[in-house]
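Okay, so here's the structure we're looking at.
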Amino acid sequence: MTDINQNSELDFTKVYSYIEFPDKVSGRCDNCGLAHFKSSVKDYVFIRECSNCGLKKSI
């Protein structure tokens, strides 16, 4: 799995786990640094998607 905490390339088709890859700065996107997210719930899993770059994390 790609380690997003060491500035490696991000795969925007993937949903990263918050437990494995917590935010570098709490409440901010690891890629672009913005704090504006779209949220969705599917099968009792909360998905947070950055409105700017599209990075997704399951919370």
Side-chain angles (χ1 to χ4, degrees):
M1 188 174 279
T2 306
D3 186 359
I4 63 174
N5 290 327
Q6 293 183 358
N7 295 329
S8 54
E9 289 206 21
L10 299 171
D11 183 3
F12 292 98
T13 62
K14 235 174 140 171
V15 177
Y16 292 96
S17 169
Y18 189 83
I19 294 170
E20 293 178 26
F21 301 108
D23 295 339
K24 292 177 190 176
V25 177
S26 182
R28 298 270 177 184
C29 177
D30 290 334
N31 185 47
C32 64
L34 292 181
H36 189 248
F37 298 98
K38 295 182 246 178
S39 304
S40 62
V41 178
K42 185 174 184 181
D43 297 328
Y44 301 101
V45 177
F46 180 79
I47 304 291
R48 181 184 80 176
E49 179 180 353
C50 179
S51 296
N52 186 44
C53 68
L55 181 66
K56 297 177 188 167
K57 284 189 180 181
S58 65
I59 304 291

>> Show every salt bridge (Lys or Arg N to Asp or Glu O under 4.0 Å) that has at least one partner inside residues 34-44, sequence neighbours left out.
In response: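 Qualifying pairs, neighbours excluded: none.
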
Of all heavy-atom pairs between [X] and [Y], which one has the smallest distance, and what is that distance?
X	Y	result
Gly33	Arg28	O-CD, 2.9 Å
Tyr16	Asp11	OH-N, 3.0 Å
Leu55	Asn31	CD2-N, 4.1 Å
Phe21	Asp30	O-OD2, 4.5 Å

> Would a hydrophobic clustering, with Ile, Leu, Val, Met, Phe, Trp and Tyr connected at side-chain separations under 4.5 Å, put Tyr18 with Phe46?
Replying inline: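 Linked, Tyr18 and Phe46 end up in one cluster.
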
> When clusters are formed by joining ILVMFWY residues with side-chain heavy atoms under 4.5 Å apart, either directly or through shared neighbours, do Ile59 and Val41 land in the same one?
Replying inline: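 Shared cluster, yes.
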
> So how far is it from Leu34 CG to Cys50 SG, rounded to the nearest 0.5 Å?
Replying inline: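 Rounded to the nearest 0.5 Å, the CG-SG separation comes out at 5.5 Å.
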
>> Holding to side chain to side chain contact (heavy atoms under 4.5 Å, CB included), I want the full list of residues that pass it with Ile47, two or more places apart in sequence or in another chain.
In response: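 Scan of Ile47 (side chain to side chain contact (heavy atoms under 4.5 Å, CB included), adjacent residues dropped) gives Val15, Ser40, Val45, Lys56, Ser58.
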
